[in-house]
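Right, one structure below, let's go through it.
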2 protein chains.
Amino acid sequence: MDTVEKLLDATERRIRQNGYHAVSFRDLADELGIKSASVHYHFRRKEDLGKAVVERYSKRFFEALDNAPDPLAAYCDVFEHALKRDEAICLCGVLGAETRGIPDDVAAEVKRFFEDNLAWLTNHLGDIGNAAMALSSLEGGMMIAQSLDDYSIFDRVRAELLSKAAQ
Amino acid sequence: MDTVEKLLDATERRIRQNGYHAVSFRDLADELGIKSASVHYHFRRKEDLGKAVVERYSKRFFEALDNAPDPLAAYCDVFEHALKRDEAICLCGVLGAETRGIPDDVAAEVKRFFEDNLAWLTNHLGDIGNAAMALSSLEGGMMIAQSLDDYSIFDRVRAELLSKAAQ
DNA sequence: ACCTGTCTATCTATCAGTAGATAGACAAGA
DNA sequence: TCTTGTCTATCTACTGATAGATAGACAGGT
């Protein structure tokens with residue numbers, strides 16, 4: 001795996017666990033066994049790195065939704081994997097909470113992620129109210145599950161969403 | 001108003017807008033027209049300040065819920081005021097997203113806030129599934145509304161919650 | 001086969017700025 | 001006189017960022 005990919009991995013993990021401001025070039029460099037100047041070679045400014053991470057995250061997110069037989073269940077699955085497999089919350093959930101404290105172009109990319117999510121959900125669920133509810137509750141449920149260090153609130157949100165949709 | 005109260009106000013606003021790591025003793029001191037050493041006099045460590053802010057926020061939050069005739073509507077109102085009047089998201093929503101990157105005792109206070117919320121909601125709504133849904137969707141809706149710079153997703157979440165409850 | 005130039009990826013060294021934190025002096029008021 | 005709150009001055013550690021150098025790979029022309 002090349003250095004750029006390793007940097008994106010490390011940055012995504014660190015932002016999702018600690019927030020944008022808790023990521024430093026030196027920590028990233030130490031993790032990869034290189035110097036911080038070499039990180040700057042690949043991503044001149046921190047916001048370039050941040051933007052690239054969000055772009056990759058968003059791309060992978062929607063790829064995972066392609067060709068799903070049951071859209072809402074698939075959508076919940078993507079969030080559940082993000083939470084339980086990666087042991088971290090949604091990248092854009094973290095960055096959205098910091099919106100005003102991060103560079104404008106990173107915030108713009110996060111905004112786009114949410115717009116795309118709402119569009120996808122509205123398209124597949126047929127109703128923008130249900131779309132708003134699904135996105136909001138899954139994002140909120142992840143964040144609270146992390147704070148409580150207990151996934152059960154997320155599981156309850158998922159169950160409620162799927163049962164209400166079945167009505 | 002005394003210095004401590006002013007410090008709590010400024011810190012709460014700054015955390016809610018930019019996150020825990022974007023608050024510095026110097027910025028707080030500049031805002032109040034004092035020196036950073038004086039901030040340390042009132043709150044020796046940053047985590048003392050952070051903990052005090054969460055405690056005050058939580059106390060005020062539940063006071064605003066006292067004696068509400070319609071619990072769910074009152075609950076939504078508290079969140080809506082926080083979002084629209086303060087033009088910021090929930091303090092604990094921001095800190096919850098940063099959980100692993102903030103001092104343990106601040107994270108513990110945030111965790112307690114969410115536990116108390118779930119207990120209050122379960123008590124007043126009668127069902128823990130509905131409680132999980134209300135808390136998660138309102139927290140998530142605030143965060144996404146901030147990122148989109150558009151309150152309508154929050155309004156939709158509120159409307160969905162109240163209409164589903166009426167069924 | 002041998003230069004020549006260019007590119008990639010890293011290095012060392014350093015910058016100005018800021019972080020949280022502390023010691024000790026000072027002034028006002030009870 | 002003692003407490004309270006502020007100050008000046010300083011510390012160590014770290015931040016993102018840049019300059020300049022270097023080793024090695026690669027391609028083109030001779």
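Just so you know, these numbers use all the heavy atoms, side chains as well, and skip hydrogens, waters and symmetry mates. Residue numbers begin at 1 in each chain, while the letters A, B, ... track the order of the sequences.
- Listed by first and then second residue, the salt bridge (Lys or Arg N to Asp or Glu O under 4.0 Å) pairs involving residues 110-124 of chain A are A:Glu109-A:Arg112 (not counting sequence neighbours).
- A heavy-atom distance below 4.0 Å to DNA chain D is reached by these residues of residues 34-51 of chain B, ordered by number: B:Ile34, B:Lys35, B:Ala37, B:Ser38, B:Tyr41, B:His42.
- Remark: C1' of D:dG5 and CD of B:Glu5 are 17 Å apart, rounded to the nearest angstrom.
- Residues that satisfy the side chain to side chain contact (heavy atoms under 4.5 Å, CB included) test with A:Arg13, not counting sequence neighbours, are A:Ala10, A:Gln17, A:Glu31.
- Phosphate proximity of C:dA9 to A:Thr3: absent, as no side-chain N or O sits under 4.0 Å from OP1 or OP2.
- Rounded to whole Å, the distance from CG on B:Leu28 to P on C:dT18 is 15 Å.
- Within the 4.0 Å cut-off from OP1 or OP2 of D:dT15, at least one side-chain nitrogen or oxygen of A:Ser24 is found.
- Note on B:Val23: only backbone sugar-phosphate atoms sit closer than 4.0 angstrom, heavy atoms only; bases stay farther off.
- Residue A:Asp30 contributes atom CG, which lies 11 Å from atom P of C:dC11 at whole-angstrom precision.
- Between B:Asp155 and B:Ser152, the side chains place no donor N or O within less than 3.5 Å of an acceptor N or O (distance only, hydrogens not considered).
- Under a 3.5 Å cut-off, the side chain of B:Glu12 and the backbone N or O of B:Tyr57 do not form any donor-acceptor pair.
- A distance-only check finds a donor-acceptor pair linking the side chain of B:Ser137 to the backbone of B:Ala134 [under 3.5 Å].
- At whole-Å resolution of the value, CZ in A:Phe25 and P in C:dG17 are 19 Å apart.
- Distance A:Arg14 CZ to D:dG16 P: 11 Å, rounded to the nearest Å.
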Residues B:Asp77, B:Arg158; criterion salt bridge (charged side-chain N to carboxylate O under 4.0 Å, His left out); working and verdict: CA-CA 9 Å; B:Asp77 281 346; B:Arg158 187 199 158 111; 2.7 Å; yes
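- Protein atom NE2 of B:His21 is 15 Å distant from nucleotide atom C1' of C:dT18, rounded to whole Å.
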